[in-house]
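For reference, the structure discussed in these notes is given below.
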Amino acid sequence: QVQLVESGGGLVQVGGSLRLSCAASGRTFISHAMGWFRQAPGKEREFVAAISWSGISTYYADSVKGRFTISRDNAKNTVYLQMNSLKPEDTAVYYCAADSQVAAVVAGEESVNWGQGTQVTVSS
């Protein structure tokens with residue numbers, strides 16, 4: 001089990017930027033793929049981005065490509081989501097996810113480890 005704690009959410013204007021962080025506990029972090037999902041009110045949770053344990057491979061939803069960047073610092077047991085050019089439709093609760101298999105993270109399987117979420121609100 002990996003415990004995940006997200007931070008960095010908040011209120012930002014359209015076109016602004018935010019960086020989310022997800023701190024993980026446990027020595028197995030380095031062997032876990034990590035990812036970000038989001039859920040807007042009244043909508044299903046959707047995939048945003050994922051990164052392999054090594055950081056070499058990254059994956060993005062089409063809606064965020066070119067605007068969001070996922071990265072990780074294994075020395076700090078932390079994964080980041082840099083969000084630029086934010087739009088009102090990016091407003092959601094953002095969740096961190098972890099699993100030993102990147103495919104499971106990308107698919108958002110319920111068996112992965114989930115954080116509690118952090119709210120991101122983009123105002124127009």
Side-chain angles (χ1 to χ4, degrees):
Q1 283 282 341
V2 176
Q3 277 70 50
L4 306 171
V5 179
E6 302 95 335
S7 62
L11 176 64
V12 64
Q13 291 188 332
V14 169
S17 298
L18 279 176
R19 188 177 81 157
L20 305 183
S21 299
C22 174
S25 63
R27 291 179 293 176
T28 58
F29 173 81
I30 193 171
S31 65
H32 277 60
M34 303 292 294
W36 289 94
F37 283 72
R38 65 187 183 188
Q39 187 168 21
K43 295 187 177 181
E44 293 187 353
R45 187 167 56 193
E46 64 174 2
F47 170 75
V48 175
I51 188 167
S52 62
W53 69 268
S54 65
I56 293 176
S57 299
T58 56
Y59 310 82
Y60 295 95
D62 288 342
S63 59
V64 306
K65 279 182 183 177
R67 300 189 299 122
F68 290 11
T69 302
I70 189 170
S71 61
R72 65 189 295 160
D73 185 338
N74 287 341
K76 295 183 178 180
N77 279 13
T78 301
V79 63
Y80 304 98
L81 185 67
Q82 178 66 46
M83 305 186 295
N84 299 327
S85 302
L86 283 162
K87 305 175 181 179
E89 52 264 43
D90 295 318
T91 295
V93 177
Y94 283 70
Y95 296 92
C96 183
D99 194 87
S100 60
Q101 302 297 321
V102 68
V105 172
V106 173
E109 295 180 3
E110 287 301 321
S111 59
V112 310
N113 296 283
W114 296 96
Q116 294 301 306
T118 185
Q119 177 70 47
V120 172
T121 303
V122 184
S123 64
S124 57

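Position 1 is the first residue of the sequence; numbering continues from there.
By the 4.5 Å heavy-atom criterion applied to side chains, Val120 and Asp90 are not counted as neighbours. Put simply, the side chain of Lys87 reaches to within 4.5 Å of the side chain of Arg67, judged on heavy atoms. Annotation: side chain of Gln39 is in contact with side chain of Tyr95 (closest heavy-atom distance under 4.5 Å). Annotation: side chain of Val64 is in contact with side chain of Arg38 (closest heavy-atom distance under 4.5 Å).
Val105 and Val2 are not part of a single hydrophobic cluster, where members link through side-chain heavy atoms under 4.5 Å apart. Hydrophobic clustering (side-chain heavy atoms under 4.5 Å, transitive across Ile, Leu, Val, Met, Phe, Trp, Tyr) keeps Val112 apart from Leu81. One hydrophobic cluster, built from ILVMFWY side chains closer than 4.5 Å, holds both Tyr94 and Leu4. No chain of hydrophobic side-chain contacts below 4.5 Å, direct or via other Ile, Leu, Val, Met, Phe, Trp or Tyr residues, connects Phe37 to Ile51. Grouping the Ile, Leu, Val, Met, Phe, Trp and Tyr side chains by contacts below 4.5 angstrom, directly or via other members, places Tyr59 apart from Trp53.
Taking the centre of each ring, Phe47 and Trp36 stay at or above the 6.0 Å mark.
Between the side chain of Ser54 and the backbone N or O of Ser52, no donor-acceptor pair lies under 3.5 Å.
Tyr60 is linked by a ring pair (Phe, Tyr, Trp, His ring centres under 6.0 Å) to nothing, counting only residues two or more places apart in sequence or in another chain. Taking Thr121 as the reference, Gln119 meet the side chain to side chain donor-acceptor pair (under 3.5 Å) condition, with sequence neighbours excluded.
Using a 3.5 Å distance cut-off with no hydrogens or angles, the side chains of Thr118 and Glu6 do not pair a donor with an acceptor.
Ion pair Arg45/Glu110 flagged as a salt bridge, since at least one NZ, NE, NH1 or NH2 atom sits closer than 4.0 Å to an Asp/Glu carboxylate oxygen.
The shortest heavy-atom contact between Arg72 and Ala33 is NH1-CA, 4.0 Å. The two residues His32 and Ser100 have their closest heavy-atom pair at CD2-N, 3.7 Å.
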Original post:
Does the side-chain contact (heavy atoms from CB on, under 4.5 Å) test come out yes or no for Ile70 and Tyr80, once each step is laid out?
Top reply: CA-CA 6 Å; Ile70 189 170; Tyr80 304 98; over 6 Å; no
**OP:** Output, in order, the C-alpha distance, side-chain angles, deciding distance and verdict of side-chain contact (heavy atoms from CB on, under 4.5 Å) for Gln82 and Ser71.
**Re:** CA-CA 8 Å; Gln82 178 66 46; Ser71 61; over 6 Å; no
Name every donor-acceptor pair, under 3.5 Å, that has one atom in a side chain of residues 11-21 and the other anywhere in the protein, sequence neighbours excluded.
unit_1, atom_1, unit_2, atom_2, d
Ser17, OG, Asn84, OD1, 2.9

